[in-house]
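Worksheet for the structure shown next.
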Amino acid sequence: MLKVDTLTLHYGQSQILHGISLAAEPGKVTAVMGTNGVGKTSLLKAIAGRHPYSSGTISLDGKPLEHLNAYQAARAGIAYVPQGREIFPLMTVQENLESGFACLDRSERGVPAHIFELFPILKDFLQRRGGDLSGGQQQQLAIARALITRPRVLLLDEPTEGIQPNIIQQIGRVIAQLRDQGDMAVVLVEQYFDFTWGLADSFYAVTRGAVSLSGQAGEIDREALLEKVSI
């Protein structure tokens, strides 16, 4: 289990996160929702070692992860798919996938066959440059690259942003399949309400850097959640 306890984070003199706590369990999708600018991406960056947090704790399976950097977080089993995807545009799909090897031992450096089962289009495009892919194809590549690191926690930041509907459906199926495998916790930051409502097992609504509503699927009120995460 990934557990975040009373996390605070600053950018300079501005406090962005105000004591956020959440838990993400293997075999479940944990949704973090809210309008733009409330701190959702900052939360993921703190968990992924992309930005130092000011106070609080992040732990994995009960072991505190002491202010990790991005490499240490990846080695610990935390994979991050950022908003905007961050594909290397001049590198091929194959090279982009292999960039995920950096946090793996040499014996583990390979592209597992199930990656191409999840995203068949990537096998056909291995020698195509990342920058030549469509937005939806780049999103698939970004998720595939994260999965190559064999994560225990997968952080997804706005995976449906700017993606055509048929690819959104495919990404939803992939997330559901990863959840159903039972060995990975998925943390999903997303503003597409219906997509998230249909996938997530638990919900955290964030308002002004703090959790304003949380609950489990089947228990949390849909309209109350929608009101919290809408403009």
request  = Using modelled atom types only, decide if a donor and an acceptor are shared between the side chain of T30 and the backbone of V187 within a distance under 3.5 Å.
outcome  = no
ask   = Under the ring pair (Phe, Tyr, Trp, His ring centres under 6.0 Å) rule, what pairs show up with a residue in residues 9-36, not counting sequence neighbours?
value = Y11-H51
query = How far does CG of L60 sit from CD1 of I78, to the nearest 0.5 angstrom?
reply = 5.5 Å
task = For D132 and R128, indicate whether the former's side chain and the latter's backbone hold a donor-acceptor pair under 3.5 Å.
result = no
task = Could you name each residue pair satisfying salt bridge (Lys or Arg N to Asp or Glu O under 4.0 Å) that touches residues 150-173, not counting sequence neighbours?
result = D61-R152
request  = Ignoring hydrogens and angles, tell me if any N or O in the side chain of D105 forms a donor-acceptor pair with the backbone of S107 under 3.5 Å.
outcome  = no
task = Return yes if some donor-acceptor pair links the side-chain N/O of Q138 with the main-chain N/O of G130 below 3.5 Å, else return no.
result = yes
inquiry  = Tell me whether R129 contacts the main-chain N or O of V93 through its side chain, where contact means a donor paired with an acceptor under 3.5 Å.
reply    = no
message = Donor-acceptor pair, distance only, cut-off 3.5 Å: does the side chain of S230 make one with the backbone of E227?
response = no
inquiry  = Under the rule for ring-ring contact (aromatic ring centres under 6.0 Å, His included), what residues qualify as partners of Y53, not counting sequence neighbours?
reply    = H67
task = Apply side chain to side chain contact (heavy atoms under 4.5 Å, CB included) to L22 and V32, showing your working.
result = CA-CA 9 Å; L22 63 81; V32 180; 4.1 Å; yes
remark   = For residues 158-216, the ring pair (Phe, Tyr, Trp, His ring centres under 6.0 Å) pairs (sequence neighbours left out) are Y192-F195, F193-W197, W197-F203
Minimal non-hydrogen separation, P26 against G182, with atom names = CB-O, 3.6 Å
note = When every non-hydrogen atom of L155 is compared with those of L44, the smallest separation belongs to CD1-O, 3.7 Å
Qualifying ring pair (Phe, Tyr, Trp, His ring centres under 6.0 Å) pairs, either residue in residues 86-115, two or more places apart = none
Pairwise distance CG(L199) to CG(D194) - rounded to 0.5 angstrom = 11.5 Å
CG on L126 to CG on L97, rounded to 0.5 Å = 7.0 Å
inquiry  = I need the D183 CG to L178 CG distance, nearest 0.5 Å.
reply    = 9.0 Å
ask   = Between L225 and M33, is a side chain to side chain contact (heavy atoms under 4.5 Å, CB included) present by the stated rule, with each step listed?
value = CA-CA 9 Å; L225 178 64; M33 306 179 73; 4.2 Å; yes
inquiry  = Measuring from atom CG of L154 to atom OG1 of T149, what distance do you get when rounded to the nearest 0.5 angstrom?
reply    = 8.0 Å
ask   = How long is the gap from CG on L2 to CG on L65, to the nearest 0.5 Å?
value = 7.5 Å
key: Nearest atoms (heavy-atom pairs only) where A205 meets K228   = CB-CB, 3.9 Å
ask   = What do the steps show when you test Q181 against Q177 for side chain to side chain donor-acceptor pair (under 3.5 Å), and what is the final call?
value = CA-CA 6 Å; Q181 289 174 1; Q177 187 172 340; over 6 Å; no
query = Do you see a donor-acceptor pair shorter than 3.5 Å between the side chains of T8 and Q15?
reply = no
query = Can you list every pair that meets salt bridge (Lys or Arg N to Asp or Glu O under 4.0 Å) and has a residue in residues 81-97, with sequence neighbours left out?
reply = R50-E86
request  = Check for a donor-acceptor pair, side chain of Q137 on one end and backbone N or O of S134 on the other, with a separation under 3.5 Å.
outcome  = yes
query = Would a distance-only check, ignoring hydrogens and angles, find a side-chain to backbone donor-acceptor pair under 3.5 Å from K40 to G34?
reply = yes
ask   = Where the side chain of Q169 meets the backbone of N166, is there a donor-acceptor pair that is under 3.5 Å apart?
value = no
request  = Kindly determine whether Q139 and T160 satisfy side chain to side chain contact (heavy atoms under 4.5 Å, CB included), including the steps that lead there.
outcome  = CA-CA 8 Å; Q139 185 66 66; T160 72; over 6 Å; no
ask   = Is N96 reaching over with its side chain to a backbone N or O of M91, donor-acceptor style, under 3.5 angstrom?
value = yes
key: K28 bridged to D180 by N-O distance under 4.0 Å   = no
message = The test is side chain to side chain contact (heavy atoms under 4.5 Å, CB included); show your working for R145 and I87 and say whether it passes.
response = CA-CA 9 Å; R145 179 177 59 187; I87 292 301; 4.1 Å; yes
